[in-house]
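So you know, we letter chains A, B, ... as the sequences are listed, proteins then strands, and number each from 1. The model shown is predicted, which means the values in this text are computed figures rather than measured ones.
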Protein chains: 2
Amino acid sequence: MGGGAVKPGKKGTQGETGEQGRTGEQGKPGKTGKSGPSIRDVAAAADVSYQTVSRVINGHPSVKGSTRERVLAAIDELGFRRSATALALASGRSRSVTVLTANTTHYGYAAILQGIEEEARRSAYSLGIAVLESADESAVRAVVQRAADTGGGLVVIAYDPAGVGALRAVPAGLPVVGVVETPATPPGGDRPWVWTDDRAAAHEATRHLLALGHETVHYVAIPSSTRRTAPRTAGWRAALREAGASAPRVIQGGWGPAGGYAAGRRLAGDPAVTAILCGNDDLALGVIRALHEAGRAVPGEVSVAGFDDAPGSAYLTPSLTSVRLDFAGLGRAAFGLLHDVVEQSARVAPHPVSVPELIVRESSGPPPAREDARRSR
Amino acid sequence: MGGGAVKPGKKGTQGETGEQGRTGEQGKPGKTGKSGPSIRDVAAAADVSYQTVSRVINGHPSVKGSTRERVLAAIDELGFRRSATALALASGRSRSVTVLTANTTHYGYAAILQGIEEEARRSAYSLGIAVLESADESAVRAVVQRAADTGGGLVVIAYDPAGVGALRAVPAGLPVVGVVETPATPPGGDRPWVWTDDRAAAHEATRHLLALGHETVHYVAIPSSTRRTAPRTAGWRAALREAGASAPRVIQGGWGPAGGYAAGRRLAGDPAVTAILCGNDDLALGVIRALHEAGRAVPGEVSVAGFDDAPGSAYLTPSLTSVRLDFAGLGRAAFGLLHDVVEQSARVAPHPVSVPELIVRESSGPPPAREDARRSR
DNA sequence: CTGAAAGCGCTTACAG
DNA sequence: CTGAAAGCGCTTACAG
């Protein structure tokens with residue numbers, strides 16, 4: 001096996017990359033949409049007024065069967081498609097949702113997005129994404145404004161300061177639901193929001209490690225959304241307290257494996273460390289890599305558990321113990337709530353969201369026997 | 001360490017999940033948008049005609065300084081925001097792009113999406129996502145139609161049959177750019193598209209493994225977008241041919257680690273297998289896991305290389321040799337091309353897109369010595 | 001069951 | 001430099 005470096009020499013090489021642009025019959029300058037047949041064209045073809053066409057395409061009941069047929073035939077023949085923007089302008093409703101998020105690729109965010117998308121598609125809503133690049137207040141405000149200008153509903157993922165700021169910055173009167181950390185107290189004022197119980201999940205993972213015999217559990221944290229103690233941190237701390245274990249200092253790990261790797265290097269140097277809980281699976285990946293490079297076996301000498309149960313975690317070696325959270329379900333619930341608000345169909349009733357589930361795999365086990373621990377000092 | 005099963009017993013547990021819905025001042029029934037001040041309200045407040053307001057918000061030069069000031073002040077005071085949908089309807093341009101894709105979470109797709117998003121944000125375009133759930137022709141057509149109805153530009157990721165079908169189904173006259181596999185022949189007719197040279201990338205990775213001394217290289221493939229030989233497969237095969245090596249049968253792996261795992265189990269049983277190229281890093285993860293469970297060391301007995309260089313690949317143990325492709329850059333280029341088409345600003349000139357780069361890490365090495373190989377039979 | 005009118009909030013020529 | 005008119009493609013009352 002090669003050396004210990006994580007990113008060994010890269011042999012850059014030649015490769016070809018292509019791109020081809022042609023300007024064919026790409027429509028008229030500036031104009032971006034089709035200027036296909038309108039409701040009036042259909043009306044003319046079917047020999048009715050355009051209001052009747054409107055009734056047909058809206059499924060209005062009071063239309064004589066024969067004229068409905070004529071209209072439908074004309075629609076079909078002309079290839080008529082109703083303009084979504086005209087519909088939105090005239091009716092005031094847009095059947096669209098835009099998701100405000102600081103990230104689109106980390107597993108939790110991506111899975112929530114996917115859940116929202118599924119439900120939006122089912123309800124024939126179009127889906128927009130607005131990325132919060134910065135947590136700076138005016139930058140956040142600008143993104144929120146632009147999203148609001150779209151005229152549809154909003155879902156804000158408030159797992160980080162940018163998202164929390166965005167949720168706060170949404171103008172009153174707009175339909176919005178927040179996906180938030182377990183709230184100690186209502187976060188966004190008088191609005192609907194959804195969450196999973198991260199606190200309970202962290203509590204359980206920590207208890208699992210303690211039950212294996214570890215004296216304490218170290219915690220490598222993801223960034224928190226506010227200055228308050230994050231739910232995951234709180235759950236970890238509570239489990240330690242209940243077990244009478246001392247609580248080590250929290251190590252900040254960031255979101256990705258690089259941050260986990262850095263944290264892992266620090267922890268690997270301390271022989272007293274036998275169990276590490278990580279704020280997400282990417283952090284755990286980096287921590288395990290660092291432990292490996294330091295020659296500390298997982299789970300033989302150190303147990304590691306992650307958070308989120310990302311798709312690859314079951315296939316790592318060792319496979320990763322992790323807490324599975326149903327982010328896709330959370331996203332579906334968020335959209336469902338938004339839909340209720342926008343359509344006023346229901347009184348915004350709670351949806352079922354599945355509970356966190358600890359998945360025990362190879363990366364967690366009992367601590368090394370006393371003598372071993374002593375010997376390694 | 002636990003048993004060999006990849007997904008050992010899951011200890012499901014209790015947890016709490018919360019959701020809270022309130023109906024506060026959520027706006028009027030049905031109406032989804034703000035009905036804030038309009039251009040006419042501003043005009044009244046500034047004591048000008050609404051056309052003048054239009055000129056001001058569009059930065060038209062011919063407006064007297066003093067009246068511009070008055071209008072701006074009124075805008076500020078009333079909190080006026082120009083309606084994007086009215087703008088789109090009246091002007092015919094929408095400054096929006098919707099991405100048609102079969103997937104949003106696999107690394108390549110997600111990174112392309114991210115690149116498109118970055119450039120869209122820079123150009124103040126709003127971004128929509130339309131997911132192609134099925135490759136069924138009528139289903140694809142429906143999604144394309146709905147996306148087209150939005151009135152903006154389209155980017156189609158055509159890495160799979162659904163995407164290829166969508167690209168084909170886009171009505172003529174709409175601004176669209178395709179992100180495609182290395183085209184042998186122009187795929188979508190008279191339209192702009194972008195690609196990376198997957199063929200060259202696969203060729204190089206295969207050559208790398210052959211150069212280490214392996215007699216041949218097995219290939220676990222991602223699904224291809226068409227019935228034609230996929231570029232990655234072609235590159236792999238060409239490298240084998242040039243080296244005079246025999247080409248084993250391609251093994252279909254799907255997109256995720258589970259497929260890689262299944263493929264790996266088959267390959268692990270054949271002691272003649274000493275090198276495996278995988279169509280993406282997730283497949284490689286599954287393959288390596290399967291080899292591990294079969295007791296075959298990586299890279300001691302079998303070398304494995306992946307494709308795409310996903311963020312976690314450098315932190316696996318062994319760290320993964322992979323071919324890095326600049327998907328984010330590809331996404332940025334795709335949007336740039338679309339922007340050029342829509343705004344007619346440039347003659348759709350090629351953008352620079354970086355070349356594939358082989359990253360050699362721990363998972364690839366020389367084959368085992370002859371005797372070892374013989375002994376293991 | 002169906003038509004004629006007014007309007008959603010803006011832009012685009014056309015006048016002055 | 002600034003106003004008055006017509007219209008983008010639809011919906012929503014209002015009439016009959």
Report which part of the nucleic acid A:L87 touches: base, sugar-phosphate, or nothing (heavy-atom distance under 4.0 Å, all strands). sugar-phosphate
What dot-bracket string describes DNA chain D from 5' to 3', counting Watson-Crick and G-U wobble pairs whose defining distances are under 3.5 Å, with [ ] for crossing pairs and | for pairs to another strand? |||.||||||||.|||
Go through the structure and list residues passing ring-ring contact (aromatic ring centres under 6.0 Å, His included) with A:Y125, not counting sequence neighbours. A:F335, A:H339
Please list each protein N or O that sits under 3.5 Å from an N or O in nucleotides 2-6 of chain C, with the distance.
unit_1, atom_1, unit_2, atom_2, d
C:dT2, OP2, A:K64, N, 2.8
C:dT2, OP2, A:T67, OG1, 3.2
C:dG3, OP2, A:S49, N, 3.1
C:dG3, OP2, A:S49, OG, 2.9
C:dG3, OP2, A:T52, OG1, 2.8
C:dG3, N7, A:R55, NH2, 3.4
C:dG3, O6, A:R55, NH2, 2.5
C:dA4, N7, A:Q51, NE2, 2.3
C:dA4, N6, A:Q51, NE2, 3.3
C:dA5, N6, A:Q51, NE2, 3.2

Pairs meeting criterion ring-ring contact (aromatic ring centres under 6.0 Å, His included) with involvement of residues 43-73 of chain B, two or more places apart: none
Counterpart residues, salt bridge (Lys or Arg N to Asp or Glu O under 4.0 Å), relative to A:E77 (two or more places apart): none
Calculate the interatomic distance between A:R81 atom CZ and D:dG9 atom C1'; express it in whole Å. 15 Å
Residues at least two apart in sequence or cross-chain that pass salt bridge (Lys or Arg N to Asp or Glu O under 4.0 Å) with A:E137, listed by chain then number, are A:R141
Can you check whether B:S54 has a side-chain N or O nearer than 4.0 Å to OP1 or OP2 of C:dT11? yes
Sort and list the pairs that fulfil salt bridge (Lys or Arg N to Asp or Glu O under 4.0 Å) and have at least one residue in residues 55-70 of chain A, not counting sequence neighbours. none
By side-chain contact (heavy atoms from CB on, under 4.5 Å), A:L89 pairs with (sequence neighbours left out) B:T85, B:A86, B:L89
For A:R121, give me all partners under salt bridge (Lys or Arg N to Asp or Glu O under 4.0 Å), at least two apart in sequence or on another chain. A:E117, B:E133
Among C:dC10, D:dT11, D:dG9, which is the nearest nucleotide to the side chain of B:L89? D:dG9
Would you say the side chain of B:V180 lies within less than 4.5 Å of the side chain of B:L167, judging by non-hydrogen atoms? yes
Between atom CD1 in B:I75 and atom C1' in C:dC10, what is the gap in whole Å? 13 Å
Choosing from C:dT12, C:dG9, D:dG9, which nucleotide comes nearest the side chain of B:S91? C:dT12
